[in-house]
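Since the structure comes first, as structure tokens, the remarks are kept for the end.
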Protein chains: 2
Amino acid sequence: MSEKANHRKKQYHHGDLKEALITAGLAILAEGGAEALSLRETARRAGVSHSAPYRHFQNKEQLIGAIAAEGFRRLTKALSDAIALGGGRFHEELRLSGRAYVEFALNNPEHLKVMFSIKRFVPGHDCIHGVEDLDAFARIAGVFERAQAEGIIPTDQPPPALALLAWAQVHGMSHILIEKQIPPGTISLESALSLIDSWVVFMCRGLKAL
Amino acid sequence: MSEKANHRKKQYHHGDLKEALITAGLAILAEGGAEALSLRETARRAGVSHSAPYRHFQNKEQLIGAIAAEGFRRLTKALSDAIALGGGRFHEELRLSGRAYVEFALNNPEHLKVMFSIKRFVPGHDCIHGVEDLDAFARIAGVFERAQAEGIIPTDQPPPALALLAWAQVHGMSHILIEKQIPPGTISLESALSLIDSWVVFMCRGLKAL
DNA sequence: CAAAATAAGTTGACATTGTCTACATTTACT
DNA sequence: AGTAAATGTAGACAATGTCAACTTATTTTG
């Protein structure tokens, strides 16, 4: 019946409440957005009392952190897949991963909002433990690193700097779109993605000219 | 003593509570961040009862909207000033306005967060009335429009598309930095700003090559 | 294997917040 | 002056994050 902990029907101990709370949180995000995401509601969905989550998370921030970490894992996978499709060609790797980022954002807007709302790297608020969350950035940096190693782009700028620039470009586009900061109907998903294509063209030309 | 409404010392009617609430909200933002911004706290700071704000704002969202509108006004001014410093040279206008955007963001991080958290253009949630909020975007679009008119860049892409790309670049950089999504000390303000410079170089080269 | 320790869940409480309704006071307009 | 409108207050309500005290299941161990 239940996905996990299918030992007995109804028992005092849930079995894997921690996972269940994260799953519930994701469902709330998808249905009601980040505003609807409350500790008590996740508990309700998991079928436990309102303070049960405190046995698995220090506070709300930590639950949000776990949900965000799952998001970073998925984003990293999406980017890795996109890069793999590039087949080692710098231009295509950059283009496809850029599109993948924006597509991930528009398909999971509330999840991305949560991912960027947590206080990472803030002392005393380290919601995400482990380094898997930096993998997404490392993937992008890797694209530039390889291109430099192959002599396709100049080694003028360090890969992390170029990666930050690229990340900022696709993230900015994503954020503006998912926060609906431009009038609706102004731009379609396809136009936004083709703008990313144009940006890659600019970047490649600009880099080569160095 | 008081900035506004200096008619009498203590009176039942505040005089200009609406403005006072917005000012209080800005102070809360600067001191305690967006999390600390509550209706009741703004009322407290303005020295009125907890429900007095409801005489001037339908709900919390509308107060936030007014605070955000003030932010857009200030951002627009910062961008206009930066563009003016460019002296009509496309490259400098783009570079200085880009730097101005990132500087505004890093100097007013919580304000920018609020500006991008409101539901603009969402039916039933139009927190900002009037069009002054779109002026910032229009300023950037104007830079490209003039450059096209002068034949400095190709007319291949419409100005709004180029403006969106540019906006996304500087906004993405700002958002990543103010949300502290990269390890602290990884990049300094100066490095971030010089990255913007590099981006302008890429853009100009990329555009000219079209 | 029984007993003790620990992990996991529950109940009830508290302060804070956004919001609503009913009421009070001040200002504006005839 | 006297009424209507604008503005502010007081009190209530439900929802939320969090904590302390208690209960129940599981694990460890003598």
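Here is how names work: the chains are called A, B, and so on, in the same order as the sequence lines, proteins then strands, and each is numbered from 1.
Ser51(A) meets the side chain to side chain donor-acceptor pair (under 3.5 Å) test with no other residue; sequence neighbours excluded. With sequence neighbours excluded, the residues forming a side-chain contact (heavy atoms from CB on, under 4.5 Å) with Glu110(A) are Leu29(A), Ala34(A), Lys113(A), listed by chain and number. Every salt bridge (Lys or Arg N to Asp or Glu O under 4.0 Å) that Glu92(A) has, sequence neighbours left out, goes to Arg95(A). Residues satisfying the salt bridge (Lys or Arg N to Asp or Glu O under 4.0 Å) criterion with Glu145(B), sequence neighbours excluded, are absent altogether.
Whole-Å rounding puts the Glu41(A) CD to dA14(D) P distance at 18 Å. Atom NZ in Lys60(B) sits roughly 15 Å away from atom P in dT16(C) (whole-Å rounding). Rounding to whole angstrom units, CD of residue Glu35(B) and C1' of dT16(D) are separated by 14 Å. The distance between atom CZ of Arg44(B) and atom P of dT17(C), rounded to the nearest whole Å, is 5 Å. Nucleotide dA6(D) holds its C1' atom 12 Å from the CG atom of Leu17(B), rounded to whole Å. At whole-Å resolution of the value, CG in Leu63(A) and P in dG17(D) are 10 Å apart. As a whole-Å value, the separation of Asp16(B) CG from dA6(D) C1' is 14 Å. What separates CZ of Arg40(A) from P of dA13(C) is a distance of 13 Å, to the nearest Å.
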Shorter than 3.5 Å, N or O on both sides, protein versus nucleotides 20-22 of chain C: list them out with atom names.
| from | atom 1 | to | atom 2 | distance (Å) |
| --- | --- | --- | --- | --- |
| dA22(C) | N6 | Arg55(B) | NH2 | 3.3 |

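Using a 4.0 Å heavy-atom cutoff across all strands shown, Ser49(A) reaches at least one base atom of the nucleic acid.
For the atom pair Leu112(A) CG and Phe104(A) CZ, the distance stands at 6.5 Å (nearest 0.5 Å). For the atom pair Ile83(B) CD1 and Ser97(B) OG, the distance stands at 5.0 Å (nearest 0.5 Å).
Using a 4.0 Å cut-off on heavy atoms, none of the residues of residues 111-118 of chain B approach DNA chain C.
With hydrogens and angles ignored, the 3.5 Å screen pairs no side-chain donor or acceptor of Ser194(A) with any backbone N or O of Asp197(A). Here the side chain of Gln169(A) pairs a donor or acceptor atom with the backbone of Leu165(B) at under 3.5 angstrom.
Within the 6.0 Å centre-distance limit, the rings of His171(B) and Phe116(B) are counted as a close aromatic pair.
In this structure, His56(A) reaches the dG9(C) phosphate: one of its side-chain N or O atoms is under 4.0 Å from OP1 or OP2.
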